[in-house]
J.: 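Here it is, the structure in full.
Here, residue 1 is the first one in the sequence, and each next residue gets the next number. Note that the structure is a prediction, hence the values are computed from the model and not measured.
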Amino acid sequence: MKLLLVCLDASERAPFVLSQAIDLAKASKAKLRLFRAVGVPPELPKELYTLSPNALPDVLLKGATEQLTELAKQVPAELLDGVDTHLGVSWDAICNAARSYNADLIVIGSHGFSGLDRVLGTTAARVVNHADRSVLVVRAKSI
């Protein structure tokens, strides 16, 4: 393996998923590309309503990029291939990014099946079902 696409969200599980990806990259001598897909949240913070509709994507992507850049500090420099964010439906953006970067493996965290996830399916489940390459789903220890 040469490149792992590590899909991280803003959850408390993200650092654990990243640590597992770092261990795998070290063992396989692969690089890590950190990735986050950002969707428009159903409930926006009040301050975002003052922005023009065209500014919203930039604000969302800027916040996601800042969070990923902070997580990237945990990655040894020789393993980091870069950080990327994309606005869109998470599972679709992840599958497209994996193709675009020609990633050998997608690494993504698992989330529990509860509530709406049982009806719609989790992002991880959709990536597993739609990706054209292998996917490693990391199950975090209880937080």
J.: With sequence neighbours excluded, what pairs up with R133 under the side chain to side chain donor-acceptor pair (under 3.5 Å) test?
T.: none
J.: Applying side chain to side chain donor-acceptor pair (under 3.5 Å), can you list everything that pairs with T69, at least two apart in sequence or on another chain?
T.: none
J.: For T65, enumerate each residue passing the side chain to side chain donor-acceptor pair (under 3.5 Å) test, keeping only those at least two apart in sequence or located in another chain.
T.: T85
J.: Who passes side chain to side chain contact (heavy atoms under 4.5 Å, CB included) against N129, sequence neighbours left out?
T.: none
J.: Using side-chain heavy atoms (C-beta onward) and a distance below 4.5 Å, is P15 in contact with L71?
T.: yes
J.: Taking all heavy atoms of F35 and all of A93, pick out the closest pair and write down the distance.
T.: CZ-O, 3.7 Å
J.: If you compare all heavy atoms of G109 against all heavy atoms of A124, which two are closest, and at what distance to 0.1 Å?
T.: O-CB, 3.6 Å
J.: Identify, with sequence neighbours excluded, every residue that meets side chain to side chain donor-acceptor pair (under 3.5 Å) alongside D9.
T.: S11, H111
J.: For the residue pair K2 and D104, what are the closest heavy atoms and their distance?
T.: N-OD2, 2.7 Å
J.: In chain order, what residues pass the side chain to side chain contact (heavy atoms under 4.5 Å, CB included) check against D58, with sequence neighbours excluded?
T.: none
J.: Give me the one residue out of L4, L80, D84 that meets side chain to side chain contact (heavy atoms under 4.5 Å, CB included) with L34.
T.: L80
J.: Mind checking side chain to side chain contact (heavy atoms under 4.5 Å, CB included) for V135 and listing every partner two or more places apart, or none if nothing turns up?
T.: I106, I108, V127, V128, A131, V137
J.: Side-chain contact test, heavy atoms from C-beta onward, threshold under 4.5 Å: evaluate it for V138 versus L136 and give yes or no.
T.: yes
J.: Can you see whether D81 engages Y101 through a side-chain donor-acceptor pair at a distance of less than 3.5 angstrom?
T.: no
J.: Please report the interatomic distance CG(L8) to CD(Q67), rounded to the nearest 0.5 Å.
T.: 10.5 Å
J.: Give every residue pair that meets the ring-ring contact (aromatic ring centres under 6.0 Å, His included) criterion with at least one member in residues 79-98, sequence neighbours excluded.
T.: W91-H130
J.: Is there a path of hydrophobic side-chain contacts, each under 4.5 Å between heavy atoms of I/L/V/M/F/W/Y residues, joining V38 to I94?
T.: no
J.: Side chain of R33, backbone of L5: donor and acceptor closer than 3.5 Å?
T.: no
J.: Please list all pairs meeting salt bridge (charged side-chain N to carboxylate O under 4.0 Å, His left out) that have one or both residues in residues 61-72, counting only residues at least two apart or in different chains.
T.: K62-E66, E70-K73
J.: Output side-chain donor-acceptor pairs under 3.5 Å for residues 17-32, partner residues at least two apart or in another chain, one line each.
T.:
| unit_1 | atom_1 | unit_2 | atom_2 | d |
| --- | --- | --- | --- | --- |
| S19 | OG | F16 | O | 2.8 |
| S28 | OG | L24 | O | 2.8 |
| K31 | NZ | E78 | O | 2.7 |

